[in-house]
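Along the sequence shown, residues are numbered consecutively beginning with 1.
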Amino acid sequence: MYRTMLNSKIHRATVTEADLNYVGSITIDSHILEQVGILPHEKVQVVNNNNGERFETYVIAGERHSGVICLNGAAARRVQKGDTVIIISYVTLSSEELEGHQPKIAIMDDDNQIGEIIVEEPPLTVL
């Protein structure tokens, strides 16, 4: 049996740009990507805390330590600069792989820098 599990999460990042005229995707600071284990071109789900939109796109690596979170192409219509988003990647694991799996969750600060990395979200946690 295989299950789809949380692999990585960038929690409460601030959208720095929305570029409707770009081909498509989400540009994310490459340092953040490396810290949570998301790869360029990987599929991610984006959740907008400001308006409830949920959509999928793929990742482009942005300038290291820039804090960039830029929605490109059609996805730019689902966010505004300054919105707070959660960016999630999932992984499909076999029953045997489940035991050792730990997701990486980056808790972002107001400047889109990683404040903390956790591997589990306690129930009913307010961050």
>> Count I, L, V, M, F, W, Y as connected when their side-chain heavy atoms are under 4.5 Å apart, and connections chain through other members. Are I88 and I69 then in the same cluster?
In response: no
>> I'd like to know if the side chain of D29 and the backbone of G67 have a donor-acceptor N/O pair within less than 3.5 Å.
In response: yes
> Above 12 or not: heavy atoms from other molecules or residues under 6.0 Å from CD of Q80?
Replying inline: no
> Can you hop from L39 to L6 via hydrophobic side chains spaced under 4.5 Å?
Replying inline: no
> What is the minimum heavy-atom distance between Y2 and T92, and which atoms define it?
Replying inline: CB-CG2, 3.8 Å
> What distance do L98 atom CG and E96 atom CD have between them, rounded to the nearest 0.5 Å?
Replying inline: 8.5 Å
> CD1/I26 to CG/D19 distance, rounded to the nearest 0.5 angstrom?
Replying inline: 13.0 Å
> Which pair of non-hydrogen atoms, one from I105 and one from V119, has the smallest distance, and what is that distance?
Replying inline: CD1-C, 4.4 Å
> Considering residues at least two apart in sequence or located in another chain, which fulfil the ring pair (Phe, Tyr, Trp, His ring centres under 6.0 Å) criterion with H65?
Replying inline: H31
> Is there a path of hydrophobic side-chain contacts, each under 4.5 Å between heavy atoms of I, L, V, M, F, W or Y residues, that connects I38 with I60?
Replying inline: no
>> Would you say that more than 12 heavy atoms from the other residues, nucleotides or ligands in this model lie under 6.0 Å from the CD of E34, or not?
In response: yes
> What distance separates K43 NZ from Y58 OH, expressed to the nearest 0.5 Å?
Replying inline: 14.0 Å
> Minimum heavy-atom separation for A18 to V79, with atom names?
Replying inline: CB-CG2, 4.0 Å
> Mind checking whether I107 and I114 have side chains closer than 4.5 Å, heavy atoms only?
Replying inline: no
> Quick one: are Q113 and M108 in side-chain contact, heavy atoms under 4.5 Å?
Replying inline: no
>> Is it the case that the side chain of D83 and the backbone of N48 share a donor-acceptor pair, with hydrogens and angles ignored and the cut-off at 3.5 Å?
In response: no
> Okay, side chain of N51, backbone of R78: is any donor-acceptor separation there less than 3.5 Å?
Replying inline: yes
> Is there side-chain contact between E56 and V44, with at least one heavy-atom pair below 4.5 Å?
Replying inline: no
> Who are the salt bridge (Lys or Arg N to Asp or Glu O under 4.0 Å) partners of K81, not counting sequence neighbours?
Replying inline: none
> Going through the distances and angles, do F55 and Q45 end up as a side-chain contact (heavy atoms from CB on, under 4.5 Å)?
Replying inline: CA-CA 6 Å; F55 55 93; Q45 180 182 45; over 6 Å; no
>> For R3, is the CZ atom crowded, meaning more than 12 foreign heavy atoms sit under 6.0 Å from it?
In response: no
> Given the rule in the side-chain contact (heavy atoms from CB on, under 4.5 Å) test, do T16 and N112 qualify, once you have shown the distances and angles that lead to the verdict?
Replying inline: CA-CA 9 Å; T16 58; N112 278 351; 3.6 Å; yes
> Testing I10, V46, V47 for side-chain contact (heavy atoms from CB on, under 4.5 Å) with I86, which one passes?
Replying inline: V47
> Which value, rounded to the nearest 0.5 Å, describes the distance between L20 atom CG and N72 atom CG?
Replying inline: 10.0 Å
> So, for T57 and S25, which heavy atoms are closest and what is the spacing to 0.1 Å?
Replying inline: OG1-CA, 3.0 Å
>> If you apply the rule side-chain contact (heavy atoms from CB on, under 4.5 Å), what do you find for V59 with L33, and how did you get there?
In response: CA-CA 9 Å; V59 172; L33 294 176; 3.6 Å; yes
> Going through the distances and angles, do I28 and I87 end up as a side-chain contact (heavy atoms from CB on, under 4.5 Å)?
Replying inline: CA-CA 10 Å; I28 303 172; I87 303 159; 4.0 Å; yes
> Between L93 and M5, what is the shortest heavy-atom contact and its length?
Replying inline: CD1-CG, 4.1 Å
> Between L71 and A76, what is the shortest heavy-atom contact and its length?
Replying inline: O-CB, 3.6 Å
> Would you find a donor on one side and an acceptor on the other, under 3.5 Å apart, between the side chain of S30 and the backbone of A61?
Replying inline: no
> So how far is it from K9 NZ to S89 OG, rounded to the nearest 0.5 Å?
Replying inline: 11.5 Å
>> Please list all pairs meeting side-chain hydrogen bond (donor to acceptor under 3.5 Å, both in side chains) that have one or both residues in residues 97-108, counting only residues at least two apart or in different chains.
In response: S94-E97
